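Data first, discussion second: the structure below is written as structure tokens.
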Amino acid sequence: MARLQDKVVVITGGASGIGKASVALFAKEGAKVVFGDVKAADGRAFEAEMTGTGHAVRFVETDVSKEADVKRLIDTAVEAFGRLDVLYNNAGGATGKDGKVTDMPLDEFWRTISVDLFGTFLGCRFAIPHMEKTGGGSIINTTSIRALTGTAGADAYSSAKGGIIALTQALAMQWHTSGIRVNAIGPGMVLTERVKSILDPETNPIAKKSLMGPMEPDDIAYLALYLASDESKRITGAIYPAESGASAH
Ligand code: NAD
């Protein structure tokens, strides 16, 4: 039996990186997946690739910082497949404009908060009522090792990802009585196409400190798969660091 057989899943930021690996893995494990992303052409091409291989996958152009977009994404899943079992809030990421609190551009602070933190908040806002109706579900949020260990020089990103940890635990406390579990994954460096475009894994100090070699998107997707599945049925309010030992030395 597939690990997510017939579960209905929404994944944000599914057109590339960790989100894309998760769409593919979850679909392979029997889920019906609706994914959102701002990258419409990439999203549609990936949707065609997945449906072409027989998977139940739909793409909805979505900016997670916009209330109406997130509502449409969640509603599409429920209208298409009748319910919502899993929400994976994955969209986000730091940019080169982030920096020190004293001199980084203020609009970059609000961009990061809007996408990473508010986008996660909106996903939970629209998903929870559907999950309550069917007796439960699993929400997976995305924080970062930066928020767990403290990292200098990405102060907007650290703020947003720290907020996601607090939100995850607050929601877990409030919705366990409805059968809704809320957990978060805090990846260390993952070699997505975006990350590879901004650093050289051969010379980057964190990549070099990765004990088992730098992580790939699949390494995070498999942890998300566990949290999405009933295998983690009593796990909630947990924050999972996921890295290749780079903080261990
Ligand atoms: P990525 O850039 O490869 O993928 C992110 C996806 O989110 C992209 O397809 C992008 O278009 C989409 N996106 C961005 N803004 C959006 C918005 N407003 N609405 C909808 N979609 C949007 O990034 P990734 O490395 O796969 O990161 C995925 C998540 O993992 C992010 O939350 C990131 O902060 C987190 N993370 C990544 C790393 C890493 O090293 N890659 C480390 C820690 C945490």
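Just so you know, residue 1 is the first one in the sequence shown, and it goes up from there. When a ligand or atom number is given, it counts from 1 through the structure's own listing order. What you see is a predicted model, and the numbers here were worked out from it, not measured in a lab. What's counted below: heavy atoms across the whole structure, side chains too, no hydrogens, waters or symmetry copies.
- Scanning the protein for heavy atoms near atom 30 (O) of ligand 1, the closest one is T142 CG2, 3.5 Å.
- Residue-ligand proximity: G93 is placed with a non-hydrogen atom under 4.0 Å from ligand 1.
- Counting only heavy atoms of the protein, atom 43 (C) of ligand 1 lies nearest to P187 O, 3.2 Å.
- The closest approach between G188 and ligand 1 falls below 4.0 Å for a heavy atom of the residue.
- Less than 4.0 angstrom separates some heavy atom of M189 from each of these atoms of ligand 1: 40 (O).
- Below 3.5 Å of separation, one finds no N or O of A94 facing any N or O of ligand 1.
- Evaluation of the side chain to side chain donor-acceptor pair (under 3.5 Å) test over residues 89-98, restricted to residues two or more places apart or in two chains, returns N89-N141, T95-E108.
- Residue V115 touches ligand 1 through its side chain alone, judged by heavy-atom distances below 4.0 Å.
- Distance check: K196 NZ to N204 CG gives 13.5 Å after rounding to the nearest 0.5 Å.
- Of the listed residues (D6, T134, V78), just one forms a side-chain contact (heavy atoms from CB on, under 4.5 Å) with R83, and that residue is T134.
- Of the protein's non-hydrogen atoms, the one nearest atom 32 (O) of ligand 1 is N90 O, 2.8 Å.
- Numbered from 1 in the order shown, with element, the atoms of ligand 1 that lie under 4.0 Å from a heavy atom of D63 read 17 (C), 18 (N), 19 (N).
- The nearest heavy-atom contact from the protein to atom 10 (C) of ligand 1 is D37 OD1, 3.5 Å.
- When non-hydrogen atoms are compared, ligand 1 lies under 4.0 Å from the backbone of T143 (N, CA, C, O) but not from its side chain.
- Using a 4.5 Å heavy-atom cutoff, the side chains of I11 and K20 are not in contact.
- Residues that satisfy the salt bridge (charged side-chain N to carboxylate O under 4.0 Å, His left out) test with K161, not counting sequence neighbours, are D116.
- The closest protein non-hydrogen atom to atom 16 (C) of ligand 1 is V38 CG2, 3.9 Å.
- Listed by number with element, the atoms of ligand 1 under 4.0 angstrom from any heavy atom of G17 are 3 (O), 26 (O).
- From the protein, the heavy atom lying nearest to atom 40 (O) of ligand 1 is V190 N, 2.8 Å.
- A donor and an acceptor atom, one from each side chain of R181 and S232, are located under 3.5 Å apart.
- Atom 7 (O) of ligand 1 has G13 CA, 3.4 Å as its closest protein atom, hydrogens excluded (heavy atom only).
- Proximity of I18 to ligand 1, defined as any heavy-atom pair under 4.0 Å, is shared by backbone and side chain alike.
- Around atom 36 (N) of ligand 1, the closest heavy atom drawn from F118, Y88, Y157 belongs to Y157.
- Counting heavy atoms only, T62 comes closest to atom 20 (C) of ligand 1 of the residues L73, L199, T62.
- For atom 8 (C) of ligand 1, the closest non-hydrogen atom on the protein side is S16 OG, 3.2 Å.
- Heavy-atom distances between T12 and ligand 1 stay at or above 4.0 Å for every pair.
- Salt-bridge check for D230 with K7: passed, with a basic side-chain N closer than 4.0 Å to an acidic carboxylate O.
- Residue R146 places every heavy atom at 4.0 Å or more from ligand 1.
- K208 and T203 form no side-chain donor-acceptor contact under 3.5 Å, judged by distance and modelled atom types alone.
- When each of F26, Y88, F59 is checked for a ring pair (Phe, Tyr, Trp, His ring centres under 6.0 Å) with F35, only F59 meets the rule.
- Proximity annotation for atom 27 (O) of ligand 1: of K161, R194, E216, R194 comes nearest, heavy atoms only.
- With respect to R3 and E231, a salt bridge is recorded, a charged nitrogen being found less than 4.0 Å from a carboxylate O.
- Rounding to the nearest 0.5 Å gives a distance of 12.0 Å between CG of D85 and OG of S229.
- A donor atom on one side chain and an acceptor atom on the other are not found under 3.5 Å apart for E47 and T51.
- The proximity of V64 to ligand 1, defined as any non-hydrogen pair under 4.0 Å, involves the side chain as well as the backbone.
- Although no hydrogens or angles enter the test, the distance criterion places no donor-acceptor pair under 3.5 Å between the side chain of D37 and the main chain of G43.
- One finds no salt bridge joining K100 and D103 here, because no Lys/Arg side-chain nitrogen approaches an Asp/Glu carboxylate oxygen to under 4.0 Å.
- Remark: distances from the non-hydrogen atoms of I220 to ligand 1 are all 4.0 Å or more.
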